Amino acid sequence: MAEPETNKTAKAGERPGPGRFICIDCGREVRIDSTDEDLVKCPTCACEMYNCLPMTHIRPDIKTPEDVLNPPKRKKTGEP
């Protein structure tokens with residue numbers, strides 16, 4: 001799955017906040033769930049730079065970058 005273009009990067013040691021961070025060298029994904037967590041060096045290649053995919057939603061049915069661009073239709077209350 002191709003990641004959407006992003007211009008935002010983060011470096012190991014920063015606290016970028018919750019989101020997904022993709023290593024610019026090997027593509028390994030690191031997830032941060034807290035605003036108090038530091039971004040670590042890539043566990044695979046020790047790179048310090050990541051492309052950022054910040055958490056920008058709270059809908060549980062949006063799980064991929066494609067869902068963000070084309071969100072699933074919300075079910076109306078009472079629908080199965």
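Note that these values count all heavy atoms, side chains included, but never hydrogens, waters or copies made by symmetry. All values reported here derive from a predicted model rather than from experimental measurement.
- Hydrophobic cluster of Ile24: the remaining members, joined at side-chain heavy-atom separations below 4.5 Å, are Met49, listed by chain and number.
- Applying the side-chain contact (heavy atoms from CB on, under 4.5 Å) criterion to Ser34, with sequence neighbours excluded, gives Asp36, Glu37.
- Residues Pro16 and Ile32 are in side-chain contact: their nearest non-hydrogen atoms beyond the backbone lie under 4.5 Å apart.
- Atom NZ of residue Lys8 and atom CZ of residue Phe21 lie 7.0 Å apart, to the nearest 0.5 angstrom.
- Take Asp38 and apply the side-chain contact (heavy atoms from CB on, under 4.5 Å) test, not counting sequence neighbours, and it matches Arg15.
- Summarising the geometry, atom SG belonging to Cys42 is positioned 11.5 Å from atom CD belonging to Glu29; distances are rounded to the nearest 0.5 Å.
- Considering every non-hydrogen atom in both Pro43 and Arg28, the closest pair reads CB-NH1, 3.5 Å.
- A side-chain contact (heavy atoms from CB on, under 4.5 Å) with Tyr50 is found for one member of Thr9, Asp25, Ile22, Val30 and no other, namely Val30.
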